[in-house]
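Below you'll find the structure, written out as structure tokens, and then a few comments.
Below, chain A is the first sequence line, B the second, and so on; all start at residue 1.
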Amino acid sequence: MAQFWKPGADKPRILEDEDGGVVFVSAALSSAPTSGFGYANIDKQRQRLPIYKYRNAILYLVETHATTIIVGETGSGKTTQIPQFLKEAGWAEGGRVIACTQPRRLAVQAVASRVAEELGVRLGEDVGYTIRFEDLTTSDVTKIKFLTDGVLIREMMEDPLLTKYSVIMVDEAHERSISTDVVLGLLKKIQRRRPELRLIISSATIEAKSMAAFFLDRKGRQRVETHESGPSKEPAILSVEGRGFNVRIHYVVEAVADYVQAAVSTVLAINDQEPAGDILVFLTGEDDIGVAVSLLTEEAQANGNKSSGLIVFPLYSGLPRAEQDLVFSPTPRGKRKVIISTNIAETSLTLEGIVYVVDSGFSKQRFYNPISDIENLVVAPISKASARQRAGRAGRVRPGKCYRLYTEEHFINEMSAEGIPEIQRSNLVSCVIQIKALGIDNILGFGWLASPAPETMIRALEVLYSLGVLDDDAKLTSPVGFQVAEIPLEPMISKMILSSNQLGCSEEIITIAAILSLQSIWVSSRGAYKELDEAKMRFAAAEGDHVTFLNVYQGFLESGKSSQWCHKNFVNYHAMKKAVEIREQLRRIALRLGITLKSCERDTEVVRKAVTAGFFANACRLDVYSHNGMYKTIRGSQEVHIHPSSVLFRVNPKWVIYHSIVLTDRQYMRNVMTIDPSWLTDVAPHFYQHQ
DNA sequence: GAGCACTGC
């Protein structure tokens, strides 16, 4: 039986570092013998993970500190092992639960099944997980629970102090997603009311100190000096080595003019000069990737035996699933796989067998302008942290190499240490309503890890006020505000669903809500726009895209949810299956909120009124003096156009509302619907009283 | 007449 530290035993060797944070320096090595032969059982495999040596130290730190920050490189085993250590040490006894959050749904599922397997239990019993629309836990049975950080925020609406959890581990906190930042702010508040709660924050090296400073609450510190019982409020920091191999970094000597071209030449040079091993190239988006893939494919064909060993795959999230899966196919003997990818391969997907990484130094990043209320995507230089993460992808199986298509001088002087956190680059309407729903009134004074721009928060409050979700005192209204907060969708969509109740078209509106929450229901059609357009016209409704979605959904159901039907009509089969699934969940939520499920039987006017009740702020009028289909927003008189993918493109009805805007050379409205302007004053008199 | 990095409730 392996040994581990138990409360009351001697403490392991710990050294205080100069900044007051506690750093564990050397752990007593596990005495478990590691045999190089035979079948390694699960216990042996666990004991070989780097984290295993730190088990006593981690348990000691968690017992004695309210917050422990674990700096663990990839492959340390922290995510799967730490919850098990905690359970073994008794943190799940007496009906308590150990939680571990992840930023992504897939990671939650993968880690939960791995831990269930290691413990030899069925998933959903002792070990379970919860993600949106999927709860695989059993109350009073589940002891270790994995969940997305967004779900943890939702749970606080039911149980503000998260009383069932004894330890909450926030994994991948350095990624700094909006939800992670919000969760950390909320957990810090909970900690003040629940001193017995323990937090474990897993972070990257560069963020560890600022995380520790964040959790070192001044008020809390004074209190601990008067009451000596309980854990130290001072966060502990523990570093755990990973299992990555060394990656040698190469820089270009002179800045490159065209990183796509440079990436292609670098791949060809690697192929000519370097031993076997697959190549991963980081570019910015579908366009770049398409160009690089065709250049490399041409080269591989033209160059006879020299580059013919290359098999080139594109990889980005918009790629159909079957094509995405091709990148995981084993590389045939004597061949070399080249994967040209977006950021999806930086964190979301792990590719085995990569030995060479080519890093363009750029990615597409979201920026939000609170004045125009528009989010757009911009190609921008990545951070040093991102560059390191990309390079690390080359060292998973053996020592690798990373070719950076920028100079060392650029890396040192021009690239920022860490990226701008998402919370400072996004529209915060959804985020603000969640914080409000938790009863936190002072949004600007919320203990943010990084404060969003005040303009962004004010804009979010304005939007919520105009939806009737917040009152004059910026408090949630009853019942609308609380209901909108309870629906796990964007507030404008939630408002649309609530309004459909009075209008008697909830069945139709729930379908529209499900489809709007998907990326696209059409197959991506690089180069086949014409066929796609023709297919779309078979479903097109004069009222616009929302009603068109209803036609497609109807057709899909009538076909018996057939994949052939989808293929024939350029409809994305996986998206439609997802729509059916989400719709089912939304039906359940609607019933819980007391919404009567009712169909309006083809009365598209009430459907459009319900959509207008959520999206009235996006109303636009055709500028009759312009002959190129230019619209102006009612709210801000901004120039916008109907996107060519809309069924209303070139139809140009006088009054429309849109779901979202994309900014390219123009501002394009996506998902557009005709309205009668009188509806605007009907559904939002407070907003349009002066028009 | 043309576009969508990646997530999440």
Measure from the side-chain heavy atoms of [X] and tell me the nearest of [options].
X: K364(A); options: dC9(B), dA5(B), dG1(B); result: dA5(B)
X: V662(A); options: dG8(B), dA5(B), dC4(B); result: dC4(B)
X: S348(A); options: dT7(B), dC4(B), dC9(B); result: dT7(B)
X: P644(A); options: dC4(B), dG1(B), dC6(B); result: dG1(B)
X: S317(A); options: dC6(B), dA2(B), dC9(B); result: dC6(B)

For a quick check of understanding: with a heavy-atom distance under 4.0 Å over all strands, which category does [X] fall into, base, sugar-phosphate or nothing?
X: S645(A); answer: nothing
X: I131(A); answer: sugar-phosphate
X: R650(A); answer: base
X: S363(A); answer: nothing
X: S177(A); answer: nothing
X: I344(A); answer: sugar-phosphate
X: R104(A); answer: sugar-phosphate

Can you measure [X] atom [atom1] to [N] atom [atom2] for me and round it to whole angstrom units?
X: R176(A); N: dA5(B); atom1: CZ; atom2: C1'; answer: 19 Å
X: I589(A); N: dC9(B); atom1: CD1; atom2: P; answer: 12 Å
X: L518(A); N: dC9(B); atom1: CG; atom2: C1'; answer: 15 Å
X: L428(A); N: dC9(B); atom1: CG; atom2: P; answer: 18 Å
X: R670(A); N: dG1(B); atom1: CZ; atom2: C1'; answer: 16 Å
X: E346(A); N: dT7(B); atom1: CD; atom2: C1'; answer: 13 Å
X: L438(A); N: dC9(B); atom1: CG; atom2: P; answer: 16 Å
X: L489(A); N: dT7(B); atom1: CG; atom2: P; answer: 18 Å

Exercise for the section: Run the salt-bridge test on E639(A) and R666(A) with the 4.0 Å N-O cut-off and return the result as yes or no. Expected result: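 Here E639(A) does not pair with R666(A) in a salt bridge, since their nearest N and O are not under 4.0 Å apart.
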
Problem - Pair K475(A) + D441(A), salt bridge at N-O below 4.0 Å - result: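 A salt bridge is present here (some side-chain N lies under 4.0 Å from a carboxylate O).
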
Practice task
Go through the structure and list residues passing side-chain contact (heavy atoms from CB on, under 4.5 Å) with T350(A), not counting sequence neighbours.
Solution key: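 For T350(A), the residues satisfying side-chain contact (heavy atoms from CB on, under 4.5 Å) (neighbours in sequence not counted) are E352(A), R393(A), R396(A).
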
Problem - Under-4.0 Å side-chain N/O to phosphate OP1/OP2 contact, T347(A) with dT7(B) - result: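 The answer is no; no side-chain N or O of T347(A) sits under 4.0 Å from OP1 or OP2.
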
Exercise for the section: Using only side-chain N and O atoms of R105(A), determine if any of them is under 4.0 Å from OP1 or OP2 of dC9(B). Expected result: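 For R105(A), the contact criterion (side-chain N or O under 4.0 Å from OP1 or OP2 of dC9(B)) is met.
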
Handout entry: Whichever of T284(A) and R666(A) has its nearest DNA chain B nucleotide further upstream toward 5'
Key =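 Its nearest nucleotide lies further toward 5', so the answer is R666(A).
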
Exercise for the section: Please confirm whether any donor atom in the side chain of D533(A) sits under 3.5 Å from an acceptor in the base of dA2(B), or the reverse. Expected result: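 Counting by modelled atom types and ignoring angles, a donor-acceptor contact under 3.5 Å is found here.
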
Handout entry: Shortest non-hydrogen separation from R404(A) to A391(A) and the atoms involved
Key =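 Shortest heavy-atom separation between R404(A) and A391(A) comes out as NH2-CB, 3.9 Å.
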
Practice task
Could you go through the side-chain hydrogen bond (donor to acceptor under 3.5 Å, both in side chains) check for R390(A) and N343(A) one step at a time?
Solution key: CA-CA 9 Å; R390(A) 288 180 173 189; N343(A) 258 2; 2.7 Å; yes

Handout entry: Cation-pi check, K384(A) onto F411(A) ring (under 6.0 Å, within 45° of axis)
Key =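 Yes.
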
